Amino acid sequence: MNPVAITGLLVAAQRAEESRREDRLFDDPFAEALAGEEGTAVLARYRDSATAGTVPFIEVRTRWYDDEIAHAIGTGIRQVVILAAGMDSRAYRLEWPRDARVFELDQPEVIAEKTRRLRGAAPRCAHAAIGVNLAHDFVATLEAQGFERADRTLWLIEGLLSYLPRRTAEAILGRIEACAAPRSIALFDVLGQSLLDSPVTQGTRQMMQELGAPWIFGTDEPELLLRTWRAAVTEPAVLGNRWKRWPVPAAPRHIRGVPRSYLVQAEKR
């Protein structure tokens, strides 16, 4: 499994850890098996880095995606595409309408390893796990598996963009923009350039570099990544404070020099 795919094991280990808390933000009963020993070991390295572990970024991000998925399904969306699905278990752990269809895309070896780790667990929706290189035309591959361009779609792009060169990230978003039906929704997260430039996060950035999955792309204007869509942007710090899990107050967005990351819900006009 390549280094970027290993970050999926890290996220699964964090979700398993969160699921053991009494005040957990979500419950992922599959996370421990998906993380395995490798994920637990990577999480230990992550916790030892200078700034990682001081804020529950992955935990808050996971809860935000869960809540936004529920909201989108409530608006009538029934077609869901998860890009770089990694060790995500939402097709198996969330409540889905009977007519929901979930497509998971990732590298073939990641899909195969995830299937092995789930040990035959059954998804709670119509489900297709598709091995594909997202740098190529994944839309044609999706259509071959039953994806309907005319249907409103929920696109999930969790924990992917910041590992990609800007050109690649924009190309992936461009493919979504070109094929998505009106009133489709995209959920994505991205690191701020402010975070990539901050000396406060140097230890964590170094750890990710050593892991082979460096943070490459960041922007403090996430609204512009899908230019023709209506975007609502929030920060994990804001939600973490609302849920009483963030150790410091959230700084207003106009204050410069604060390392930030962003959670974006965008709807196609």
Side-chain angles (χ1 to χ4, degrees), residues 7 10-11 14-15 17-19 21-28 31 43 46-47 49-75 77 82-84 88 90 94 154-163 169 173 185-205 208 215 217-227 229-268:
T7 64
L10 168 62
V11 171
Q14 289 171 283
R15 288 174 173 163
E17 187 177 73
E18 176 69 15
S19 296
R21 293 178 61 112
E22 290 188 5
D23 61 345
R24 57 186 172 270
L25 296 175
F26 56 86
D27 184 24
D28 186 344
L43 178 57
Y46 182 80
R47 295 292 188 220
S49 65
T51 54
T54 59
V55 294
F57 169 70
I58 297 298
E59 297 85 343
V60 168
R61 186 182 76 182
T62 299
R63 167 66 179 274
W64 177 80
Y65 273 93
D66 285 359
D67 288 353
E68 290 295 331
I69 290 167
H71 175 75
I73 293 299
T75 70
I77 288 179
I82 307 177
L83 301 187
D88 182 275
R90 290 188 175 96
L94 296 185
L154 174 62
W155 300 86
L156 306 183
I157 317 161
E158 183 178 14
L160 172 63
L161 299 181
S162 292
Y163 296 104
L173 292 171
I185 292 173
L187 305 177
F188 62 92
D189 57 274
V190 65
L191 300 178
Q193 188 62 46
S194 55
L195 186 147
L196 298 183
D197 293 341
S198 175
V200 173
T201 61
Q202 181 178 355
T204 305
R205 297 199 313 274
M208 298 304 293
W215 292 334
F217 169 53
T219 177
D220 289 302
E221 297 180 310
E223 299 93 337
L224 301 182
L225 291 175
L226 284 171
R227 292 178 179 270
W229 298 42
R230 290 185 294 268
V233 179
T234 189
E235 296 181 38
V238 172
L239 297 177
N241 274 277
R242 181 184 304 167
W243 296 330
K244 304 186 186 306
R245 288 288 302 277
W246 211 259
V248 294
R253 193 170 170 187
H254 68 272
I255 297 179
R256 297 183 179 273
V258 177
R260 303 179 187 276
S261 59
Y262 304 97
L263 303 169
V264 183
Q265 187 263 24
E267 182 174 355
K268 189 171 184 180

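If you're wondering where the values come from, they're calculated on a predicted model, not measured in any experiment.
Residues meeting the salt bridge (Lys or Arg N to Asp or Glu O under 4.0 Å) test with Arg260, sequence neighbours left out: Glu235. Applying the side chain to side chain donor-acceptor pair (under 3.5 Å) test to Ser261 and every residue at least two apart in sequence or in another chain returns nothing. Asp197 is linked by a side-chain contact (heavy atoms from CB on, under 4.5 Å) to Gln193, counting only residues two or more places apart in sequence or in another chain. Looking at residues two or more places apart in sequence or on another chain, you find a side chain to side chain donor-acceptor pair (under 3.5 Å) between Ser194 and Asp220. Checked against side-chain contact (heavy atoms from CB on, under 4.5 Å), Thr234 has the following partners two or more places apart in sequence or in another chain: Trp64, Val238, Leu239, Leu263. For Arg24, the salt bridge (Lys or Arg N to Asp or Glu O under 4.0 Å) test picks out no residue, with sequence neighbours left out. Under the salt bridge (Lys or Arg N to Asp or Glu O under 4.0 Å) criterion, Arg242 pairs with no residue, sequence neighbours left out. Applying the salt bridge (Lys or Arg N to Asp or Glu O under 4.0 Å) rule to Asp28 yields the partners Arg93; only residues at least two apart in sequence or on another chain are considered. In this view, Asp67 and Arg63 satisfy the side chain to side chain donor-acceptor pair (under 3.5 Å) rule, not counting sequence neighbours. Residues that satisfy the side chain to side chain donor-acceptor pair (under 3.5 Å) test with Glu267, not counting sequence neighbours, are absent from this structure.
Separation of atoms CZ (Arg90) and CG (Asp66) is listed at 4.5 Å; rounding is to 0.5 Å. Atom CG of Asp88 and atom CZ of Arg15 lie 5.0 Å apart (nearest 0.5 Å). Atom-to-atom distance recorded for Trp229:CH2 and Leu173:CG is 9.0 Å, nearest 0.5 angstrom. In this structure, the separation between OG on Ser162 and CZ on Phe188 is 10.5 Å, given to the nearest 0.5 Å. Note that CH2 of Trp215 and OG1 of Thr7 are 11.0 Å apart. Values are rounded to the nearest 0.5 Å.
Applying the side chain to side chain donor-acceptor pair (under 3.5 Å) test to residues at least two apart or on different chains, the pairs with a partner in residues 244-255 are Glu18-Arg245, Glu223-Arg253.
Closest of all the heavy-atom pairs between Val264 and Pro222 is CG2-CB, 3.7 Å. Taking every heavy atom of both residues into account, Met208 and Tyr163 meet most closely at CE-OH, 3.4 Å.
The shortest distance between side-chain heavy atoms of Gln14 and Phe57 does not fall below 4.5 Å. Under the 4.5 Å side-chain criterion, counting only non-hydrogen atoms from C-beta, Leu156 is in contact with Ile69. Counting only heavy atoms from C-beta outward, the side chains of Tyr46 and Thr204 approach each other to under 4.5 Å.
Between the Ser198 side chain and the Pro259 main chain, no donor and acceptor come within less than 3.5 Å of each other. With hydrogens and angles ignored, the 3.5 Å screen pairs no side-chain donor or acceptor of Arg61 with any backbone N or O of Pro236. Judged by distance alone, with hydrogens and angles left aside, the side-chain atoms of Tyr65 form a donor-acceptor pair with the main-chain N or O of Ile157 at under 3.5 Å. Using modelled atom types, no side-chain atom of Thr219 and backbone atom of Gly192 make a donor-acceptor pair closer than 3.5 Å.
With Glu158 as reference, Asp189 is the one residue of Ile82, Ile58, Asp189, Val11 to meet the side chain to side chain contact (heavy atoms under 4.5 Å, CB included) rule.
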(request) Could you check Thr62 against Leu25 for side-chain contact (heavy atoms from CB on, under 4.5 Å), going step by step and ending with a plain yes or no? (result) CA-CA 8 Å; Thr62 299; Leu25 296 175; over 6 Å; no

